[in-house]
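One structure below.
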Amino acid sequence: MNRRQILALAPFTLAAPAFAQADRPIRLIVPVAPGGSQDIVARLIARHLGPVLGQAIVVENHPGAGSNIGYELGARARPDGLTLVAGSDSLSINKGLFRRLSFDPVEDFAAVAQVTSVPQILVVKADFPAASLAEFVALSRRLPIAVGTPGNGSLSHLLVELLQQATETRWTHAPYRGGALAVNDLLGGSLQGVMINIGAVTQHVQAGRLRGLAVSTGGRTSALPEVPTLAEAGVSNIAVSGWHGLVAPRGTEAATVLRINQAVGEVLRIAEVRERLGALGIEPVDAPPEALAAKLREDAERWAPVIRRTGMQPD
């Protein structure tokens, strides 16, 4: 019996509590501080997921150590379906970035659901003397260029490294403890560019304060359709997107994982959820658990060589 056949039999179960311990809330661990896109998406999904499952969800923020404090807490939790973790692309990155972890960021989790796809975008100030990625690259061969990211070892940092290799240029990497600080310095003129997830700068680009030079995905985004892709901007063979999603401790029953995955799909069809994600420039993703499991492993294999080649170190 395939996933569609299983799910066709399942909807009636969602009207009742989804778990045997329905009197206990589900704990959703968010491994970052409140306020960022990962936290915003986690809380948005949790607010609607609880009623769909018929069970309360309590969100807990456990930031620190490159998200590893929260991830380890989730990995060590009982696999009873009552602990979920708001994962992101950092899971696959951290597998290669951190040498001494007491858990495996990929193997110690059961993939539950990828919730979003998050494009990265290279932005400059609206009055910066480079109106395209080609002009930005050309300018960087004549003048010093500093590009900010949300931190060492972030997806943005990895993408900056890939771009420098593809264009045979060198920029000064300026890591920040969070994307908002990098964007503030870009607006203030301390940086020449910032690579960041699109939701952090969508409103600035729409308001004309910043200019998008390229998005990292294979196709243009609905939030900023005027911004070309890297391929359209002249850099082929690079297609990168971040993500938000849910994982559970390894050993969580497959039936429980599937039930939560289906419920997430229902949440993603709610108009308010789609509108909120769209306002952030984030695309909803409704896919089976196996798709996220494959992405976790494929991304870990992709990023480990880049981390080794560049000697990248975590903050």
Side-chain angles (χ1 to χ4, degrees), residues 14 17-91 94 103 105 108-118 150 177-180 197 199-200 242-250 252 256-257 259-282 284-286 289 292 296:
L14 295 179
F19 303 98
Q21 302 117 313
D23 58 324
R24 293 172 54 197
I26 295 174
R27 178 192 195 193
L28 176 57
I29 296 171
V30 181
V32 297
S37 61
Q38 190 172 350
D39 176 71
I40 291 170
V41 171
R43 290 177 181 276
L44 175 66
I45 297 301
R47 179 156 54 87
H48 294 276
L49 184 62
V52 173
L53 289 173
Q55 192 154 355
I57 297 179
V58 177
V59 178
E60 300 178 5
N61 292 86
H62 294 276
S67 295
N68 287 319
I69 291 175
Y71 286 149
E72 182 171 11
L73 194 62
R76 299 292 177 239
R78 291 178 59 190
D80 57 6
L82 295 176
T83 297
L84 295 172
V85 180
S88 75
D89 40 81
S90 61
L91 273 170
N94 286 3
F103 70 104
D108 284 345
F109 288 103
V112 176
Q114 181 178 345
V115 176
T116 70
S117 176
V118 188
R177 292 191 177 277
N197 78 71
W243 58 273
H244 303 108
L246 299 178
V247 296
R250 182 179 62 181
T252 301
T256 299
V257 168
R259 194 175 298 127
I260 298 172
N261 178 276
Q262 181 193 15
V264 169
E266 290 196 20
V267 169
L268 292 175
R269 291 189 286 274
I270 296 172
E272 177 193 344
V273 173
R274 299 185 71 87
E275 289 169 5
R276 181 69 175 124
L277 293 177
L280 294 171
I282 297 172
V285 174
D286 182 8
L292 177 56
L296 281 167

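Heavy-atom basis, side chains included; hydrogens, waters and symmetry copies ignored. Given the structure is predicted, the values throughout are model-derived calculations rather than measurements.
- Of all heavy-atom pairs spanning Leu28 and Ala86, the tightest one is CD1-N, 3.7 Å.
- Applying side chain to side chain contact (heavy atoms under 4.5 Å, CB included) to Ile29 and the options Leu73, Ile69, Leu84, Val247 leaves one that passes, Leu73.
- Heavy atoms only, all atoms of each residue included: Asn261 and Ala113 are closest at ND2-CB, 3.7 Å.
- Between Thr83 and Arg27, the closest side-chain pair of non-hydrogen atoms falls below 4.5 Å.
- Smallest separation of non-hydrogen atoms from Pro51 and Arg47: CD-O, 3.2 Å.
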Can you give each donor-acceptor pair under 3.5 Å made by side-chain atoms of residues 273-281, sequence neighbours left out, with the distance rounded to 0.1 Å?
| residue | atom | partner | partner atom | Å |
| --- | --- | --- | --- | --- |
| Arg274 | NH1 | Leu268 | O | 3.1 |

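- Annotation for His244 and Ser37: closest pair NE2-OG, 3.6 Å, computed over non-hydrogen atoms.
- Distance alone, capped at 3.5 Å, places no donor-acceptor pair between the Thr116 side chain and the Val118 backbone.
- Put simply, CD on Gln114 and CG on Asp286 are 10.5 Å apart, with the number rounded to the nearest 0.5 Å.
- Of all heavy-atom pairs between Tyr71 and Pro31, the closest is CE2-CG, 3.5 Å.
- Every residue two or more places apart in sequence or in another chain that forms a side-chain hydrogen bond (donor to acceptor under 3.5 Å, both in side chains) with Asn68 is listed here: Asn94.
- The line from CG of Leu44 to CD1 of Ile40 is 9.5 Å long, rounded to the nearest 0.5 Å.
- Side-chain contact between Trp243 and Val285 is absent, with no heavy-atom pair separated by less than 4.5 Å.
- Here the shortest heavy-atom pairing between Val85 and Gly74 reads CG2-CA, 3.6 Å.
- Between Leu49 and Val264 there is a side-chain heavy-atom pair separated by less than 4.5 Å.
- Residue His48 holds its NE2 atom at 11.0 Å from CD1 of Ile57, rounded to the nearest 0.5 Å.
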